[in-house]
Structures are given as C-alpha cells and as structure tokens.
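Please read through the structure below; I'll follow up with questions.
Both backbone and side-chain heavy atoms feed into the values below; hydrogens, waters and symmetry mates do not.
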Amino acid sequence: MTTTRRRAVRGTAAALAGTLLASTLAVAATTTATVPFAAPAAAEPGDVLLTESFDGDALPEGWTPVLGDWQVRDGRLVGDAPDGSSPARIVFGQSAENYRLEATLRFESVDNASRWAGAILDVAPEGAAPWWQAVLRSSTTAHNGVEIAQRTPANAWNVPYTASAPADAATGRDVRLSVEVQGAAVTYALDGRTLLEGRIDRSRDGALGFVTAGATVSVDDVTVTEIEPASYVGDDGELPVTVAHRGYSSVAPENTLAAVTAGMRTGAEYVEIDVHTTADGLPVVLHDQTVDRTTEGSGDVAVLPGAQVAALDAGSWFSPAFAGQHLPTFAQVLDLLETGSSTLLLEIKGPETSAEVERVVDMVVEAGLEDRVVLQSFDVAALRSAREHAPQIPRGLLRGSLDADPVAVAQELGAVMYNPSATALLARPGVVADLNEAGIAVMPYTVNSAADWARLTEIGVDGVITDRAGAFIGWKQAREQEAPAPAAPTIEVVSPAEGVERGGTLVVAASATDADEVVVSLDDEPVENGAAIVAADLALGEHTVSATARGAGGEATAERTVVVTVTPEGLRARVAVLDLPPGQLVGALSAIEAGRWESVRRTLEKFVDDAATRERLLEELDHLAGR
C-alpha cells in the first residue's frame with residue numbers, strides 16, 4: 001500500500017485517494033485476529049502493525065478501559081460515556097512514529113448533537129491526560145463537526161483545528177475514520193475525504209485509543225499501518241512553510257525565549273535559532289560571535305564563561321517591555337520546544353569543534369527531540385560532525401551564494417535542506433526544481449516583503465525564513481483564500497483566547513476569506529495581523545480585538561473580547577525575579593502562596609524602587625485581593 005508523502009512539518013491539502021479506502025476495507029475484512037504491534041525498528045512502510053475486528057466475546061488482550069463502559073458486543077467494540085465531563089476512553093497498542101490509524105465508527109446514541117467520539121492519537125499507556133485526539137460529532141456538518149484537539153495536562157481542552165464534513169455522521173450510520181500521523185503532522189479523513197490537517201505533540205511511549213463524550217459509540221475493523229515518514233519537500237502548488245527567523249524577531253528580541261514562544265504561538269511550522277558555545281562548553285542561543293549588539297555585555301562568547309553569558313539581559317535593547325529577558329541557554333529552548341509543536345531549525349554557528357557540535361547534538365537526543373529538530377550550518381565540518389555522531393537528526397546546508405552543483409553538494413552531506421540567501425536563489429530559480437527532484441527542500445533567508453514572498457512562492461520554494469512570521473502567515477491565508485470571482489469577505493478573530501495571564505503573550509490574529517485587506521486592532525489601536533503582544537503592557541480587565549476584511553465583494557468585521565487577568569502563580573513568578581533582600585523575597589513569595597496580600601503589599605511598597613514596576617505589581621495585587 002502506498003502512502004502520500006507529506007511535508008515533514010505539516011500535511012498537504014490533497015485528498016486521500018479512494019483506492020486507499022477500498023484497499024484498507026479489504027484488508028480489514030479478511031483479518032479477524034489481533035496482530036501485535038511490530039517492534040518500531042523492525043517495521044517498514046506498509047507493514048500492518050495491528051488489526052482487530054472484535055470477533056470474540058471479550059475485550060482483546062492489551063485493550064485497557066480507562067473510563068466508561070467498554071464491551072465487545074455483536075462483533076464491535078462498544079463504548080458508553082459516563083455522566084459528567086470526563087470523556088470515556090480505552091487505550092491499546094503503541095503509536096509508531098509514522099502510522100495510519102483506520103477504523104469504522106458508528107454513533108449508536110448521543111445525548112445531543114454536540115457530543116463526539118473518535119480516535120486518540122498519542123496518550124500515556126495508563127490513559128491519563130494529556131492526549132491528542134481526532135474526533136467527530138454526529139452533526140459532522142457543523143463548523144466544528146470534526147476536530148483535532150488536545151486534552152491538556154490540566155484537564156482542559158485545546159482545540160486548534162476544526163472543520164466540517166459534507167454529510168452528517170448522524171446515528172446508526174457507519175463512517176470510516178482514517179488518521180495519518182507523520183511525526184507531529186496529522187491528516188484526518190472521513191470516508192476517503194481529507195477534512196483537516198494539524199500538528200500534535202508526541203510522547204516517547206504513547207499509546208493509541210478511542211474516546212467518546214456524551215455518546216454511545218461502536219467501533220470495528222481497526223487497522224494500524226506503518227507509513228512513510230514525511231518529506232521536507234512540499235507538493236506542487238503548496239505554499240511555503242513559515243520559518244520564524246531567530247524566533248518571531250520582528251515583535252520580540254531575537255533569539256530569546258520570548259521570541260521563540262511568539263514564533264510557536266503564531267503558528268510557524270519552524271522556529272529558527274542560532275547556537276554558540278561559551279568558553280566552558282555551555283551552548284547558548286545567540287546569533288553574533290560577540291554579545292555586544294543584543295545584550296548589555298561585551299566580548300566574544302567563545303571566551304566568556306557560560307554563567308556570565310546566561311545572566312546577560314538580551315531584551316532591553318529591543319524594548320523596555322522585554323527587560324529581564326536573559327540570553328537563553330540551548331537547554332532552556334529545548335525545554336520550551338516541548339510546550340509547542342513547531343520544529344526547531346537549529347543553526348550551529350561556526351567554527352565549532354567536533355566536541356562542541358557533539359554536545360549540542362547530545363542535548364537534542366537526550367531530550368528525545370530528534371524528530372523536532374533540523375540542524376543547519378554554513379560550516380560543512382559541523383554538519384559532518386553532526387552526521388557522524390547522530391545521523392538520525394536531519395541536516396540542512398546554509399549558503400550565502402549557490403554552489404555550482406547544489407544537488408551534489410547537499411547529497412554529499414546527506415542534507416535534507418539547502419537554504420541559500422533569497423537574493424542568490426532568485427538569480428538561479430531553476431535550482432529549486434533540481435533540488436526538489438532530488439528530495440531536498442529549499443528554504444531561503446531572510447525574506448520580509450510580500451513582493452519577495454510572491455516571487456519565491458512562484459519558483460516553488462518549500463519554506464521562507466522571515467523575521468515577520470505573523471505577517472507571512474497572514475499573507476498565505478489571503479493567498480489561499482483568493483477566489484476567481486468577487487465574493488463577500490468573511491473574517492474571524494482566531495486569536496487570542498478569551499483569557500490571558502498578565503505574564504503571558506497575546507497573539508492577535510484574524511483569518512479572512514475573499515479579502516484584499518485585513519485590518520486588525522487591539523482597543524482601537526492598529527496591530528499587525530499575527531502580532532505577539534506582551535500582556536504585561538496591557539491593563540488588567542477586558543480588551544477588544546477587532547478585525548475588518550475588505551475585498552471586491554464588500555467588507556466584513558469581527559470582534560473578540562479578551563480578559564487580561566492575574567493569577568497568584570503569575571504574580572509569584574514576577575516577584576521572584578525582583579532584586580529584593582533575600583529574606584524579604586522569601587517572605588513575599590510565601591505570603592503570595594498563602595494569600596496574605598497585605599504582607600505582600602508592605603514588602604512591595606518598601607523594597608521595590610522602580611515606580612512603574614511597583615505600581616504594576618500593586619495593581620495586580622489589588623486584583624487578586626478583590627479590591
């Protein structure tokens with residue numbers, strides 16, 4: 001069985017072929033016994049890892065109910081959700097790195113049309129949160145009739161991907177669910193039609209499962225198949241992926257945790273950073289060879305001790321709002337990477353020794369993030385060292401000018417990407433097709449204008465490295481929504497969520513259709529579509545995000561109210577970084593935890609010298625105290 005290869009960071013928009021569904025049903029119809037998962041190292045694309053048709057009277061071995069009533073009845077797995085908000089679920093098997101999960105699903109009864117059921121794509125073997133799921137409602141034609149969603153560690157819902165199907169699943173009707181997972185990329189199809197694509201977080205030892213909420217559902221003919229890993233090369237006509245250069249560096253100080261966070265939250269498929277090594281061997285995130293430009297320090301990073309470098313303020317040069325953003329260590333970025341789904345495009349700055357390259361590579365491996373990192377460098381020796389030490393981590397070659405034979409050079413290094421300057425590439429646009437034909441992706445740097453985005457898209461690049469990640473995403477949305485004839489525009493505010501903590505970031509974004517212009521504002525002040533705004537710069541309470549789409553077919557507007565609030569944990573984190581006497585700091589943190597607000601107030605009034613900081617913290621304190 002062949003599988004559509006998808007870009008390594010996201011799925012394509014192409015529908016699954018009807019023959020795929022037919023062949024899958026044929027396999028399921030001829031198989032009656034559970035086949036255990038093959039060992040990941042032994043499995044090859046096309047291998048069937050598990051099949052189950054529930055022909056016995058009891059649950060198959062290895063199928064473990066977590067919550068709800070799960071039984072085998074009349075040759076089907078039947079699950080019934082209990083009363084309350086916790087979804088019923090059953091877990092089985094082990095999710096491979098690249099797999100297709102298929103099953104026949106039927107709603108037997110539902111509490112109401114908004115209830116849902118579907119497949120769990122990655123969950124702890126005991127079935128506890130967090131997990132990711134691909135589910136559908138009986139009213140599948142609703143705007144959120146199908147979803148790729150996460151049950152978070154806090155047992156809340158994160159629903160970033162929704163769509164509708166052409167027909168309702170209803171009750172008493174079989175639908176064929178097919179979900180392809182390639183690394184973090186997911187493609188979700190019903191009855192042979194691709195409806196939704198997204199990205200999920202993956203765990204090292206995750207299981208699969210089925211889940212239902214407010215419904216009795218039956219499942220049959222389950223098949224799990226090993227599939228090809230995703231390709232870094234996009235399909236013909238697919239828009240380039242977004243690479244947030246040094247993080248979302250047009251709205252946050254480059255190569256800081258704030259910039260990386262903003263890049264991930266804006267939806268960039270990749271976040272690019274640079275890594276140097278200090279005199280004592282600590283990998284830190286910095287573009288320049290010296291710390292002079294982006295910190296208050298001075299000197300060559302290679303001769304400075306790691307503790308001194310990591311203590312430098314790397315945010316104040318960009319804006320006072322980012323004061324206190326330290327120059328991050330590579331370990332901190334790896335920790336942050338696990339909170340999102342973007343792939344890290346990691347540039348090792350040369351020259352680095354083999355030992356320094358190996359240390360960086362080892363950190364990626366130890367974090368279990370080999371599938372979430374592409375290592376790139378101008379330094380060919382660094383790429384060779386990385387290849388010898390950890391060949392499983394994909395590599396990209398950076399170039400200021402093009403080689404005479406880029407394909408040969410990339411192949412000699414085993415590179416999956418060839419990333420030149422945009423200027424050099426536009427002088428020889430035919431190189432893109434040559435590299436793509438060889439399976440090598442092309443992601444030029446650093447491209448910040450819509451005119452250049454259009455030119456590079458036309459020559460078929462696979463990604464664009466840009467400081468303006470949010471603007472590029474908005475530009476792509478507009479391009480995808482172009483229609484042959486004028487139509488009335490629509491617009492929806494898709495971010496931020498309804499509430500954000502004072503210490504967080506608001507990514508203000510709107511999605512429009514049939515629009516030539518999209519104007520977004522926060523509290524009547526214009527902002528860039530996709531802009532990341534530090535919540536600390538906003539007053540506590542309600543704020544209004546407004547968006548207007550204008551096109552040949554008219555104008556449309558949308559609004560969303562977001563509340564900036566404060567939590568004890570958030571206040572505690574902000575107080576923890578203040579320069580207070582040690583005893584006073586410990587006392588204030590303990591008082592916050594205990595809710596002794598007057599004690600905290602006295603400490604802040606007496607020991608916080610900066611008036612603006614003091615007033616902001618006192619305002620937050622009053623909010624928590626209910627004043």
message: Please find the pair of heavy atoms, one from Arg193 and one from Pro166, that lie closest to each other, and give the distance.
response: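 Answer, listing the atom of Arg193 first, then Pro166: NE-CG, 3.6 Å.
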query: Short question: side chain of Thr140, backbone of Arg137 - any donor-acceptor pair under 3.5 Å?
result: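 Indeed, once roles are kept as given, a pair shorter than 3.5 Å links the two residues.
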message: What's the separation between atom CD in Glu180 and atom CG in Leu121, rounded to the nearest 0.5 Å?
response: 12.0 Å
message: With a 4.5 Å cut-off on side-chain heavy atoms, are Val66 and Ile90 touching?
response: no
statement: In this structure, OG1 of Thr557 is separated from CD1 of Ile491 (nearest 0.5 Å) by 8.5 Å
field: Under 3.5 Å donor-acceptor, Arg106 side chain and Val217 backbone
entry: no
message: What verdict does the ring-ring contact (aromatic ring centres under 6.0 Å, His included) test give for Tyr188 and Tyr161, after you've listed the backbone C-alpha separation in whole Å, the side-chain angles of each residue and the deciding distance to 0.1 Å?
response: CA-CA 10 Å; Tyr188 178 13; Tyr161 310 106; over 10 Å; no
- request: Check the angle between the aromatic planes of Phe210 and Phe92 and answer parallel, tilted or perpendicular using the 30° and 60° thresholds.
  value: parallel
task: Please check if the side chain of Arg202 supplies one atom and the backbone of Gly183 the other of a donor-acceptor pair under 3.5 Å.
output: yes
query: Do the side chain of Lys476 and the main chain of Leu239 share a donor and acceptor less than 3.5 angstrom apart?
result: no
- prompt: Side chain of Thr152, backbone of Ala156: donor and acceptor closer than 3.5 Å?
  reply: yes
query: Are any non-hydrogen side-chain atoms of Val146 and Leu190 less than 4.5 angstrom apart?
result: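 Sidechains of Leu190 and Val146: in contact.
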- request: Quick one: pull up CD in Glu97 and CG in Asp371 and give me the separation to the nearest 0.5 Å.
  value: 4.5 Å
query: Which heavy atom in Pro496 sits nearest to a heavy atom in Arg560, and how many Å separate them?
result: O-NH1, 2.6 Å
query: Quick one: are the ring centres of Trp116 and Trp157 less than 6.0 Å apart?
result: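 Between Trp116 and Trp157, the centre distance is under 6.0 Å.
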query: For Thr141, does its backbone N or O pair with a side-chain atom of Asp168 as donor and acceptor, under 3.5 Å?
result: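 Yes.
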Rounded distance (nearest 0.5 Å) linking atom CG of Leu346 with atom CG of Leu337: 10.0 Å
field: Spacing of Ser95 atom OG and Ile120 atom CD1 [to the nearest 0.5 Å]
entry: 11.0 Å
query: Shortest non-hydrogen contact from Leu177 to Ala134?
result: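 Closest approach of Leu177 to Ala134: CD1-O, 4.0 Å.
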statement: ring-ring contact (aromatic ring centres under 6.0 Å, His included) filter on Trp131, not counting sequence neighbours, yields none
message: One pair to check against salt bridge (Lys or Arg N to Asp or Glu O under 4.0 Å): Arg76 and Asp174. What are the steps and the verdict?
response: CA-CA 12 Å; Arg76 298 177 77 104; Asp174 281 348; 3.1 Å; yes
- request: Search all heavy atoms of Val123 against all heavy atoms of Leu208 and return the closest pair with its distance.
  value: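 Looking at all heavy atoms of both residues, the shortest contact is CG1-O, 4.3 Å.
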field: Asp514 side chain vs Ala487 backbone, donor-acceptor pair below 3.5 Å
entry: no
message: Just verifying a value: how many Å separate Leu345 CG and Asn419 CG, rounded to the nearest 0.5 Å?
response: 6.5 Å
query: For the side chain of Asp220 and the backbone of Ala103, is there at least one donor-acceptor N/O pair under 3.5 Å apart?
result: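 Not a single qualifying donor-acceptor pair exists.
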task: Over all heavy atoms of both residues, which pair between Pro65 and Trp70 is shortest? Give the atoms and the distance, please.
output: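 Closest heavy-atom pair between Pro65 and Trp70: CB-CD1, 3.9 Å.
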task: Would you name the heavy atoms of Ala215 and Val110 that are closest together and state the gap between them?
output: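 The answer is CB-CG1, 3.8 Å.
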